[in-house]
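The analysis underlying the following values was restricted to heavy atoms, covering all of them including side chains, and did not include hydrogens, waters or symmetry mates.
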Amino acid sequence: MQIRFALAKGRVAKKAIALLKALGYVFPDYDPDSRKLIFEDTTGSIAFFLVKSPDVPTYVEKGAADIGIVGKDVLLEHPADVYELLNLNIGQCKMCIAGFAGTPLRSEKKLVVGTKYPVIAKNYFNGIDQPVDLIKINGSVELAPILGLSDCIVDIVESGSTLRENGLSVLGEICDISSRLIVNRVSLKTKSASINPIIEQFEENL
């Protein structure tokens, strides 16, 4: 019974594929430049495909994939009815509020917040009873406070170098982010004999 993995394209996929290889799975057809969509291991017991990160929870929730590996930020921004079983500690960073030093995060007036993560930002500011106007930004979110589009931003921060180079600072931390292993609820029951050993292998190699 083949187990299908949905992997988020980019750094997460590279590290996830390396981890699968370290566990002994060999994917002879895989090449980062390949136009092939699905890659099987030599035994045919495992296959993976690469998709944009927001699509990973969808593929797993709907059963097109049994297992997914994706960042916690995606799971918070795009909630899905899946089991989140393991923190793989891949791509560790933080979801932060950033802006010019001294920018108040609590005010009687609405804060204007630029972000790629409106759901996460809304939930955070609702939790501290701070009214906000959210502006969805898909590109370089750091530009928003610099150009006066927003008071602050909510974004992932890894090293903080981009913020520092642009005169911005971390004003607050929302949560830790790293890649998680998620599993389809039905698959975990119907394919448990195949999935559980894979999960155990991941746990042993964390």
>> Testing the basics here: between P118 and K136, what is the closest heavy-atom pair and its distance to 0.1 Å?
In response: CD-CD, 3.6 Å
> Under a single-linkage rule joining Ile, Leu, Val, Met, Phe, Trp and Tyr whose side-chain heavy atoms are separated by less than 4.5 Å, which residues share a cluster with M1?
Replying inline: none
>> Would S178 and R180 count as a side chain to side chain donor-acceptor pair (under 3.5 Å) here? Give the steps.
In response: CA-CA 7 Å; S178 59; R180 310 301 167 98; 3.2 Å; yes
> Could you walk me through whether Y25 and Q201 pass the side chain to side chain donor-acceptor pair (under 3.5 Å) check?
Replying inline: CA-CA 11 Å; Y25 300 104; Q201 284 180 299; 2.8 Å; yes
> So with a 6.0 Å cut-off around NZ of K122, is the heavy-atom count from everything else above 12?
Replying inline: no
> Can you find a pair of side-chain heavy atoms, one from I195 and one from V183, that are under 4.5 Å apart?
Replying inline: yes
> Which value, rounded to the nearest 0.5 Å, describes the distance between Q92 atom CD and K94 atom NZ?
Replying inline: 9.0 Å
> Can you find a side-chain donor-acceptor pair between Q2 and E40 that sits under 3.5 Å?
Replying inline: yes
> Could you walk me through whether K72 and E84 pass the salt bridge (Lys or Arg N to Asp or Glu O under 4.0 Å) check?
Replying inline: CA-CA 10 Å; K72 181 64 175 180; E84 181 183 325; 2.9 Å; yes
> What distance do L7 atom CG and S53 atom OG have between them, rounded to the nearest 0.5 Å?
Replying inline: 12.0 Å
> Do you know which of V132, I97, V154 makes side-chain contact (heavy atoms from CB on, under 4.5 Å) with Y124?
Replying inline: I97
> Does V70 belong to the same Ile/Leu/Val/Met/Phe/Trp/Tyr cluster as L20, with side-chain heavy atoms less than 4.5 Å apart forming each link?
Replying inline: no
> To the nearest 0.5 Å, how far apart are CD1 in I156 and SG in C93?
Replying inline: 4.5 Å
> Should we count CZ of R11 as having more than 12 external heavy atoms under 6.0 Å?
Replying inline: no
>> Are more than 12 heavy atoms, taken from residues, nucleotides or ligands other than I128, located less than 6.0 Å from that residue's CD1 atom?
In response: yes
>> Here's a test for you: under side-chain contact (heavy atoms from CB on, under 4.5 Å), which of L76, I120, V157, D176 qualifies with M95?
In response: I120
> So, for H78 and P54, which heavy atoms are closest and what is the spacing to 0.1 Å?
Replying inline: NE2-CB, 3.7 Å
>> Under 3.5 Å, is there a donor on one side chain and an acceptor on the other for Y117 and D155?
In response: no
> To the nearest 0.5 Å, how far apart are CZ in F202 and CG in L23?
Replying inline: 5.5 Å
>> Nearest 0.5 Å, please: how far is CG in L171 from SG in C96?
In response: 9.5 Å
>> Just checking K189: does its NZ atom have more than 12 heavy atoms from other residues, nucleotides or ligands closer to it than 6.0 angstrom?
In response: no
> Got L188 and N196 here, is their nearest side-chain heavy-atom distance under 4.5 Å?
Replying inline: yes
> Q130 side chain to S107 main-chain N or O, any donor-acceptor pair under 3.5 Å?
Replying inline: yes
>> Hydrophobic clustering (ILVMFWY, side-chain heavy atoms < 4.5 Å, transitive) - are I3 and I69 grouped together?
In response: yes
>> Determine whether a donor-acceptor pair (N or O, by modelled atom type, separation under 3.5 Å) exists between the side chain of S150 and the backbone of C152.
In response: yes
> With side chains defined as the heavy atoms from C-beta onward, is the minimum distance between F5 and I38 less than 4.5 Å?
Replying inline: no
> Taking side chain as C-beta onward, heavy atoms only, is S34 less than 4.5 Å from D29?
Replying inline: no
Let me have the donor-acceptor pairs involving side chains of residues 59-66, under 3.5 Å, with sequence neighbours excluded, atom names and distances please.
residue	atom	partner	partner atom	Å
E61	OE2	D81	N	3.2
D66	OD1	S187	OG	2.7
D66	OD1	K191	NZ	3.1
D66	OD2	R4	N	2.9
D66	OD2	K191	NZ	3.2

> Would you say E142's side chain and A98's backbone share a donor-acceptor pair under 3.5 angstrom?
Replying inline: no
> Minimum heavy-atom separation for S179 to N87, with atom names?
Replying inline: O-OD1, 3.6 Å
> Quick one: does L50's side chain get under 4.5 Å of L37's, heavy atoms only?
Replying inline: no
> Between Y83 and I182, does a side chain to side chain contact (heavy atoms under 4.5 Å, CB included) hold up when you go through it step by step?
Replying inline: CA-CA 5 Å; Y83 288 121; I182 59 175; over 6 Å; no
>> When you compare the side chain of I199 with that of L86, does any pair of heavy atoms fall below 4.5 Å?
In response: yes
> Can any side-chain N or O of D31 pair as donor or acceptor with the backbone N or O of D33 at less than 3.5 Å?
Replying inline: yes
> Taking atom types as modelled, is there a side-chain donor on T103 or D151 under 3.5 Å from an acceptor on the other?
Replying inline: no
> Is the closest side-chain heavy-atom distance between L168 and P145 below 4.5 Å?
Replying inline: yes
>> So does V51 get a backbone contact from the side chain of D55, meaning a donor-acceptor N/O pair under 3.5 Å?
In response: no
> Do you know which two heavy atoms are closest between V56 and A8, and how far apart they sit?
Replying inline: CG2-N, 3.7 Å
>> Per the ring-ring contact (aromatic ring centres under 6.0 Å, His included) rule, what does the pair list look like for residues 165-197, sequence neighbours excluded?
In response: none
>> Please find the pair of heavy atoms, one from P197 and one from S194, that lie closest to each other, and give the distance.
In response: CD-O, 3.5 Å
>> Under a 3.5 Å distance rule, please check whether D41 uses its side chain to pair with a backbone N or O of I46 as donor and acceptor.
In response: yes
> Is T115 close to I137 at the side-chain level, that is, under 4.5 Å between some pair of heavy atoms?
Replying inline: no
> Does the ring centre of F48 sit less than 6.0 Å away from the ring centre of F39?
Replying inline: yes
